[in-house]
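First the structure, in the form of structure tokens, and then the observations on it.
In listed order, ligands and their atoms are each counted from 1. Numbering starts at 1 and runs along the sequence shown.
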Amino acid sequence: MIRVYNTLSKSKEPFEPVAAGKVGMYLCGPTVYKPSHIGHMVGPVIFDSVKRYLTYCGYQVTWVVNITDVDDKLIVRSQERGMPMDRLAAEMTDDYMRCLATLGVDTIDHFPKATEHMGDIIAFTATLIDKGFAYEAGGDVYFDVAKCPGYGKLSGRSVESMEGEGGGAAERKRSRVDFALWKSAKPGEPSWPSPWGPGRPGWHIECSVMSGRILGETFDVHGGGLDLVFPHHENEIAQSESCHGKPMAKYWMHNGLMQASDEVGKVGGRRTGPAVGDQEAQEAGKIAGRHGAQSFLELLDEENLKPEQVRFFLLATHYRRPIDFSIARIREVGTGLDTFYRFFKRYERVTGESFYAIAAPALREDGEFDPGDDPLLKDVAEHRRRFLDAMDDDFNTGGATGVLFDLVRRLNKFVDDEKLEDASGQNASRLARLTQGAATLRELAGTLGLFRKPVEEKADGGELAGRLLDLLVEIRADLRKAKNFAAADKIRDSLAEIGVTLEDRPGGTEWSLQ
Ligand SMILES: [Zn+2]
């Protein structure tokens, strides 16, 4: 039984979708006015794994991520760049899509755009006015928080404690905490005709409209960063539940934010904490520091990071905890991944088959196997159970990745103990057991979107570097034979400093690039 921590009840609840066997999931997407940074990738990678896991457990999952392509920030940026807002939005949406594809986030079913749902947004706003939950004031439309007794139930805040937005709009509102559903356009701004005059939607309303349109009035999982609980998700709930008279989403899942650890303040001036009610500050607050605000694709390129390293790094922490961001930490996690890559090569040497060609079960029930009395298979089954327990417990990807390390260590030990790298140690039964273990590893890692295809080897240095490394490995072997361990160690340590790892195996020494 899967259990999910629900921000609404502040407890872990059994996961029971509204309609048996089907799951509707909505994640608040980006405002596309600048290139995505690594903080924007946290939610997509986590919820991609949540979808993979639920699918693996037999659910039919529909996942929606919205694109905010009309917004104050888009207007400002398009004016700065002297380009139409829709072109800026298209350019930055492309960037976002490239980031997702790079990280293997390819399970999102719908990317609705605010500008493509203008009619629905206007109709939804008109319904809220008709029902007495919203009012028009000077071409703007505001939600009347005083009419919504449950307001504050998600964030646990009382209306009295809320500051609300000040500024020019404050004079037109009945209360400071009321928020805009529709904003009138200033001359020269992009606008859409509406019963209240030309204008554009507020940020919160688009999520209420598009989630309801695609997933229904009550759907299963609403996700987002912890910084969106208030006001964004509180306002989504107020709008949707006032309009439909029923719960908006059953489970509210919030991921922890990325925070800079060693990089805070290097390039000063960015806020490190989200300010209430300020969308831009909420985004800026996700991470501070030099790399935090940098375009994700540039970051990968400049720091020479492999996308799988980043994916693994994002999943190595429990999704509800903050992720400490630093390049050093990503590299450290990446080094851990090499343990798997080395095993894959080993598996290929032993069996003659690629790890990536193993047909692993796509469904949980198909991955069950009878280990009998075999010690290896019993351990594999036990690791599989631990992995599934971790994932069932509120998608504890951090615990689950830890189990993958244990499993690969166990498989390596089997290869060592049974001398499978020597022809003498090989027989059909041992190879079958190894393959069962590797298939389980591939099955489980697949639910996290890991090890789906071979990682491209870095091309730098190319063939010559490879031959030089082979030569150094050979010289080091000679030195060891001659018991000149100091010189042999110097080669290993110096190579480690420039990012080459040497690993001594029964069959010889292997080098790999970090
Ligand atoms: Zn939203």
Side-chain angles (χ1 to χ4, degrees), residues 6-8 24-33 36 39-44 46-47 50-51 62-74 89 92-93 96 100 108-118 120-121 124-125 128 143 148 151-155 165 179-183 200-244 247-257 274 276-286 319:
N6 191 350
T7 308
L8 201 53
M25 190 163 94
Y26 186 89
L27 176 72
C28 295
T31 303
V32 282
Y33 72 105
S36 300
H40 293 119
M41 295 296 112
V42 179
I46 288 167
F47 286 91
V50 168
K51 174 167 177 178
T62 306
W63 181 18
V64 180
V65 176
N66 68 302
I67 303 286
T68 301
D69 61 347
V70 49
D71 183 85
D72 296 357
K73 292 197 298 295
L74 270 145
M92 294 306 150
T93 304
Y96 183 69
L100 296 181
I108 301 168
D109 301 287
H110 301 274
F111 289 102
K113 295 184 174 125
T115 56
E116 290 171 357
H117 287 264
M118 221 37 92
D120 294 331
I121 292 171
F124 196 110
T125 305
L128 285 173
F143 187 88
C148 181
Y151 193 76
K153 69 178 177 181
L154 181 72
S155 58
E165 279 173 292
F179 55 90
L181 303 175
W182 188 261
K183 298 176 178 182
R200 61 180 181 277
W203 174 36
H204 316 299
I205 189 78
E206 64 173 277
C207 286
S208 279
V209 170
M210 298 191 291
S211 63
R213 192 92 176 121
I214 301 171
L215 298 172
E217 292 177 355
T218 300
F219 56 92
D220 301 293
V221 177
H222 193 311
L226 208 49
D227 56 338
L228 297 186
V229 173
F230 186 86
H232 185 53
H233 291 165
E234 197 72 74
N235 292 352
E236 283 188 33
I237 291 180
Q239 295 160 160
S240 291
E241 301 195 352
S242 300
C243 183
H244 302 130
M248 180 184 185
K250 219 173 154 186
Y251 305 96
W252 287 82
M253 287 178 62
H254 290 99
N255 60 271
L257 305 182
V276 169
D278 179 342
Q279 185 190 350
E280 181 158 24
Q282 289 198 334
E283 288 200 357
K286 280 180 182 166
Y319 79 86

- Item | Side-chain donor or acceptor of E236 paired with backbone N/O of C207 under 3.5 Å | no
- Query: Do other residues, nucleotides or ligands put more than 12 heavy atoms under 6.0 Å from K113 NZ?
  - Reply: no
- What orientation do Y96 and F111 show, parallel under 30°, tilted 30 to 60°, or perpendicular over 60°? perpendicular
- Query: Do any N or O atoms from the side chain of D69 and from the backbone of V32 form a donor-acceptor pair under 3.5 angstrom?
  - Reply: no
- Between the Zn ion (ligand 1) and H233, is there an N, O or S atom separated by less than 2.8 Å? no
- Which value, rounded to 10°, describes the SG(C28)-the Zn ion (ligand 1)-NE2(H232) angle? 120°
- Query: Hey, is the Zn ion (ligand 1) within less than 2.8 Å of some N/O/S atom on H204?
  - Reply: no
- Atom name of the N, O or S atom of E236 nearest to the Zn ion (ligand 1) is OE2
- Measure from the Zn ion (ligand 1) to each N, O or S atom of E206 and report whether any distance is below 2.8 Å. no
- Query: Atom CZ in F230, atom CG in L154: separation rounded to 0.5 Å?
  - Reply: 10.5 Å
